[in-house]
**Student:** 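Next up is a structure, given as structure tokens.
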Amino acid sequence: MYGGRFPLLEEQILFYESQGYLQLHNVLSPEEVSTLRAAIDVAAEDRKRLKENWGPRVDEGYAKVFLQMVNVWERYPAIEEYTLSPRIADIARQLTRAPFVRLWHDHALIKYPNDSKATAWHQDKVYWPMQESGALSCWMALDDVTIQKGCMWFLPGSHTLGPLDPVDLGGGDEESLLRTLPTSMRGVRPVVMEMKAGSCTFHHGLTFHYAGPNVTSGPRRAMVTIFMPAGTHYKKLEHIVGDRGNLTEGEEFHGPLFPAVGRQQ
Ligand code: SIN
Ligand code: NI
């Protein structure tokens, strides 16, 4: 499952570098999607049953944005197989032009039917304890996603703005972006990432992104894996996954909590 490599064209890497995102179709087979989706459903059921908190922010506003389960790869071998898989990490390695990447964390993000809020426009990097800005996310659709289902939107080229202020992720509407953006970006039109299950997007940690509420009758299940290019250094910053790995300020990420994946063969 999830094996093999996924070679990109140089023009796809250049597109990612200039636009800050890339959409890739049919990265997982239908069988791989159903296996991963079933594993995520088990995790979501366990989480509800055990009332465990697997993603520390549980206030009402945030809870309606999505059910967030962080570092599920450590609890479920079936999810670990995906999160540490060579195919996804290989794409991240190519996009960052690094010799390999390290996992920062994974998280499953489920917007439940008719009971979700928008994910406000934001940049991920401003929440990550990293000195460099090269880390990126793979957002894998486990359901067919449309605007109505709460698919992702990106603001092309916004990664070139550098880090702006963090926002309240649960307090967002489509207009909230406009209030935070420098005037230079206000004419840029967001692009919508509708796609089939098994397709995915990669986005740079500084690329502004948004997802609307899920107003359909089915769940919107996404599996997100976040990778850092080799040689990324730790910066002390409070984060929802906690202060893992006993790293000190300026130390290079290393160790089994941040496994090296996607090494070129
Ligand atoms: C979402 O899936 O709604 C947002 C994902 C992200 O912020 O990376
Ligand atoms: Ni994000």
Side-chain angles (χ1 to χ4, degrees), residues 16 20-24 36-37 40 44 54-57 61-72 83 88 92 95 103-130 133-156 158-159 161 163-174 176-177 180 190-195 197 199-216 218-228 237 239-241:
Y16 170 79
Y21 72 93
L22 182 68
Q23 186 173 39
L24 296 170
L36 184 56
R37 195 166 47 204
I40 297 297
W54 295 353
R57 285 186 294 202
Y62 190 72
K64 294 274 175 174
V65 176
F66 37 51
L67 172 73
Q68 179 179 31
M69 297 185 289
V70 174
N71 276 326
V72 273
T83 293
I88 305 301
L95 290 175
L103 180 72
W104 160 229
H105 69 81
D106 68 6
H107 52 168
L109 300 176
I110 307 175
K111 281 187 191 280
Y112 284 106
N114 291 318
D115 192 28
S116 68
K117 292 179 20 177
T119 317
W121 282 102
H122 68 279
Q123 296 171 303
D124 295 331
K125 164 68 177 73
V126 294
Y127 306 101
W128 292 341
M130 297 164 203
S133 297
L136 76 176
S137 299
C138 172
W139 195 100
M140 179 62 69
L142 300 180
D143 294 290
D144 295 353
V145 286
T146 57
I147 293 176
Q148 292 72 25
K149 210 155 220 169
C151 71
M152 289 274 272
W153 296 73
F154 295 120
L155 195 68
S158 51
H159 60 310
L161 290 171
L164 303 181
D165 288 340
V167 301
D168 168 14
L169 282 179
D173 52 51
E174 277 180 82
S176 64
L177 169 71
T180 63
V191 288
V192 63
M193 295 291 122
E194 294 188 310
M195 59 191 164
S199 296
C200 65
T201 53
F202 282 78
H203 66 272
H204 187 278
L206 288 172
T207 302
F208 270 93
H209 52 286
Y210 163 90
N214 175 8
V215 294
T216 71
R220 187 221 73 174
R221 288 162 289 194
M223 183 62 193
V224 179
T225 39
I226 306 169
F227 301 99
M228 326 174 253
L237 185 73
H239 186 271
I240 53 164
V241 304

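What you see is a predicted model; the values in this text were computed from it and never measured. Order of appearance sets the numbers: ligands from 1, and atoms from 1 within every ligand.
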**Student:** Below 4.0 Å from any atom of ligand 1, is there a heavy atom belonging to Leu109?
**Tutor:**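 The answer is yes: ligand 1 sits under 4.0 Å from a heavy atom of Leu109.
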**Student:** Just which atoms of ligand 1 are under 4.0 Å from any heavy atom in His122?
**Tutor:** 7 (O)
**Student:** Applying a 4.0 Å heavy-atom criterion (strictly less than), which segment of Gln68 is in contact with ligand 1: side chain, backbone, both, or neither?
**Tutor:** neither
**Student:** Would you name the heavy atoms of Gly150 and Arg220 that are closest together and state the gap between them?
**Tutor:** O-NH1, 2.9 Å
**Student:** Donor-acceptor check, side chain of His204 to backbone of Ser133, threshold 3.5 angstrom: yes or no?
**Tutor:** yes
**Student:** Does the plane of the ring in His239 sit parallel, tilted or perpendicular to the ring in His105? Use 30° and 60° as the thresholds.
**Tutor:** tilted
**Student:** Just to the nearest 10 degrees, tell me the angle at the Ni ion (ligand 2) spanned by Asp124 OD1 and His122 NE2.
**Tutor:** 90°
**Student:** At less than 4.0 angstrom from any non-hydrogen atom of His203, what atoms of ligand 1 do you find?
**Tutor:**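 Near His203, the atoms of ligand 1 are 8 (O).
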**Student:** Can you list the atoms of ligand 1 that are under 4.0 Å from a heavy atom of Ala211?
**Tutor:** 3 (O)
**Student:** Considering only the protein, which heavy-atom contact is closest to atom 3 (O) of ligand 1, and what is its distance?
**Tutor:**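 Checking every protein heavy atom, the shortest distance to atom 3 (O) of ligand 1 gives Thr119 OG1, 2.7 Å.
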**Student:** Kindly give the atom name of the N, O or S atom of His209 closest to the Ni ion (ligand 2).
**Tutor:**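 It is NE2, the N, O or S atom of His209 closest to the Ni ion (ligand 2).
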**Student:** Closer than 3.5 angstrom, by distance alone: can the side chain of Asn214 be matched with the main-chain N or O of Thr216 as a donor-acceptor pair?
**Tutor:** yes
**Student:** Any luck finding a side-chain donor-acceptor pair between His203 and Asp124 under 3.5 Å?
**Tutor:** yes
**Student:** Among the heavy atoms of Trp139, does any lie under 4.0 Å from an atom of ligand 1?
**Tutor:**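 It does, in that a heavy atom of Trp139 comes within the 4.0 Å cut-off of ligand 1.
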**Student:** Indicate yes or no for a side-chain donor-acceptor contact from Asp106 to the backbone of Asn71 under 3.5 Å, with no hydrogens or angles considered.
**Tutor:** yes
**Student:** Could you list the atoms of ligand 1 found under 4.0 angstrom from a heavy atom of Met152?
**Tutor:**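 Checking each atom against Met152, I get 4 (C), 5 (C).
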**Student:** Under 3.5 Å, side chain of Asp144 to main-chain N/O of Ala197, donor-acceptor pair present?
**Tutor:**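 It does hold such a pair.
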**Student:** Could you identify the single nearest non-hydrogen protein atom to atom 8 (O) of ligand 1 and state the distance to 0.1 Å?
**Tutor:**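 Nearest neighbour among protein heavy atoms for atom 8 (O) of ligand 1, to 0.1 Å: His209 NE2, 3.2 Å.
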**Student:** Using a strict 4.0 Å threshold on nitrogen-to-oxygen distance, state whether Asp143 and Arg221 make a salt bridge.
**Tutor:**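 Salt bridge present between Asp143 and Arg221.
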